[in-house]
**Student:** 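A single structure is presented below for examination.
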Amino acid sequence: MYIIAPSILSADFARLGEEVRAVIASGADWIHFDVMDNHYVPNLTIGPLVCAAIRPHTQATIDVHLMVKPVDRIVPDFAKAGANLISFHPEASEHIDRTLALIRECGCQAGLVFNPATPLAWMDHVLDKLDLVLLMSVNPGFGGQKFIAQALDKLRAARARLDAYERESGRRIRLEIDGGVKVDNIAEIARAGADTFVAGSAVFGAGRDADPHRYDTVVAALRTELRSA
Ligand code: DX5
Ligand code: ZN
């Protein structure tokens, strides 16, 4: 039931295909793909061309996290590039319901992302169109930041809403956490209600001494912590 989604933001960009294969071979579940546009967030990363380039390297779910504004123009490009799941920030879309529908029309699962200061109320009228809720535990824009502790209370609140929704609809929406997730806090984060865990620097920082890079030890440590939760 727990999903570990390493963020390739902290991978070696000069050999991304190899990094994707290594991290999935090490037992990770999804590839988290951070898209930043130097407009919605103050950093610039990777786009649909890179998504298409890594697609042949894995069967794993590619979990695209859009930190871009506007959102809609780029959604079909990511669907064509092989994304399985596309999430966006509600502040970056003029019409959230329409963007969610567009993502599904393109054949992908849809997610809504909440910054640390974004209220959970944004999800209230679109639950039927959501496959995933992503809570940011850092302000978006950079890997390697410190986990914001208030995210734990927000996770508990989101968990309660999503459980209530599951009871009435029979449909389960995943609850993902992104930012500052490490071996030493993942169990506490799971107990607060997350079922899907992005980890960038914690995973890709760990395999750097080996060549080719290997991530078995850190992924196993994250799993062990999750079992204890
Ligand atoms: C931040 C990104 C995160 C980031 C996580 O804007 O959305 O996915 O890569 O990196 P760590 O795990 O290092 O905080
Ligand atoms: Zn992310």
Side-chain angles (χ1 to χ4, degrees), residues 2-13 16 19-20 23 26 28-48 50-51 54 60-69 71 74 78 83-92 103 108-118 131-152 154-155 174-190 194-208 213 215 218-219 221-222 225-226:
Y2 289 131
I3 294 283
I4 296 176
S7 164
I8 55 168
L9 186 61
S10 296
D12 180 349
F13 276 11
L16 218 38
E19 290 277 69
V20 163
V23 83
S26 300
D29 302 295
W30 292 0
I31 296 297
H32 185 79
F33 191 101
D34 285 309
V35 184
M36 306 183 187
D37 67 348
N38 189 38
H39 171 70
Y40 179 66
V41 290
N43 199 359
L44 184 64
T45 60
I46 46 181
V50 176
C51 185
I54 65 165
T61 290
I62 299 180
D63 169 31
V64 171
H65 174 190
L66 295 180
M67 289 160 273
V68 305
K69 185 178 181 173
V71 181
I74 205 80
F78 274 101
N84 302 94
L85 204 154
I86 300 177
S87 304
F88 65 97
H89 291 251
E91 300 92 338
I103 293 170
C108 297
Q109 293 199 302
L112 205 54
V113 191
F114 294 79
N115 282 332
T118 304
D131 300 295
L132 175 129
V133 164
L134 169 49
L135 299 195
M136 295 304 301
S137 38
V138 298
N139 284 294
F142 302 92
Q145 301 182 80
K146 190 177 178 309
F147 185 89
I148 295 173
Q150 287 86 343
L152 294 171
K154 204 170 176 186
L155 271 175
R174 282 207 163 269
L175 180 53
E176 185 173 37
I177 187 86
D178 184 6
V181 176
K182 310 278 177 203
V183 173
D184 65 11
N185 64 6
I186 195 169
E188 188 183 14
I189 295 166
D195 55 33
T196 303
F197 306 84
V198 177
S201 49
V203 171
F204 286 103
R208 278 289 152 78
H213 302 162
Y215 305 105
V218 64
V219 174
L222 291 167
E225 287 296 315
L226 285 174

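Heads up: numbering here begins at 1 and tracks the sequence. One-based numbering, in listed order, for ligands and for the atoms of each. We use all heavy atoms of the structure for the numbers below, so side chains are in, but hydrogens, waters and symmetry mates are not.
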**Student:** Are F33 and H65 packed together at the side-chain level, in the sense that at least one heavy-atom pair is separated by less than 4.5 angstrom?
**Tutor:**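 No. Closest side-chain heavy atoms not under 4.5 Å.
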**Student:** Is the shortest heavy-atom distance from the side chain of F13 to the side chain of V50 under 4.5 Å?
**Tutor:**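 Side-chain contact under 4.5 Å: no.
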**Student:** Tell me every residue that passes side chain to side chain contact (heavy atoms under 4.5 Å, CB included) with V138, counting only those two or more places apart in sequence or in another chain.
**Tutor:**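 So V138 forms a side chain to side chain contact (heavy atoms under 4.5 Å, CB included) with M136, Q145.
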**Student:** Between S137 and K154, do the side chains contain an N or O donor and an N or O acceptor separated by less than 3.5 Å?
**Tutor:**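 Checked: S137/K154 side chains show no N/O donor-acceptor pair below 3.5 Å.
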**Student:** Name each N or O atom in ligand 1 that is under 3.5 Å from a protein N or O, and give the partner atom and the distance.
**Tutor:**
unit_1, atom_1, unit_2, atom_2, d
ligand 1, 6 (O), G141, N, 2.8
ligand 1, 7 (O), D34, OD1, 3.0
ligand 1, 7 (O), H65, ND1, 3.2
ligand 1, 7 (O), D178, OD2, 2.9
ligand 1, 8 (O), H32, NE2, 3.4
ligand 1, 8 (O), D34, OD1, 3.1
ligand 1, 8 (O), D34, OD2, 2.7
ligand 1, 8 (O), D178, OD1, 2.6
ligand 1, 8 (O), D178, OD2, 3.0
ligand 1, 9 (O), S7, OG, 3.0
ligand 1, 9 (O), D34, OD2, 3.0
ligand 1, 12 (O), G200, N, 2.7
ligand 1, 13 (O), G144, N, 2.8
ligand 1, 13 (O), S201, N, 3.0
ligand 1, 13 (O), S201, OG, 2.5
ligand 1, 14 (O), G180, N, 2.8

**Student:** With heavy-atom distances below 4.5 Å as the criterion, would you say the side chains of I3 and R174 are in contact?
**Tutor:**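 The answer is yes; the side chains approach within 4.5 Å.
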**Student:** Give the C-alpha distance, both sets of side-chain angles, the deciding distance and a yes or no for side-chain contact (heavy atoms from CB on, under 4.5 Å) between W30 and L85.
**Tutor:** CA-CA 10 Å; W30 292 0; L85 204 154; 3.7 Å; yes
**Student:** Quick one: give me the number of protein N/O/S atoms under 2.8 Å from the Zn ion (ligand 2).
**Tutor:**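 Count of protein N, O, S atoms less than 2.8 Å from the Zn ion (ligand 2): 4.
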**Student:** Only pairs under 3.5 Å count here: list side-chain donor-acceptor contacts from residues 38-46, not counting sequence neighbours, and write none if there are none.
**Tutor:**
unit_1, atom_1, unit_2, atom_2, d
Y40, OH, H89, ND1, 3.2
Y40, OH, N115, ND2, 3.1
N43, ND2, G141, O, 2.9
T45, OG1, D34, O, 2.8
T45, OG1, M36, N, 2.8

**Student:** Here's a test for you: under side chain to side chain contact (heavy atoms under 4.5 Å, CB included), which of I103, V35, I62 qualifies with F78?
**Tutor:**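 Option passing the side chain to side chain contact (heavy atoms under 4.5 Å, CB included) with F78: V35.
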**Student:** Using the rule side chain to side chain contact (heavy atoms under 4.5 Å, CB included), only one of N185, D184, D178 pairs with V181; which is it?
**Tutor:**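 Only match with V181 under side chain to side chain contact (heavy atoms under 4.5 Å, CB included): N185.
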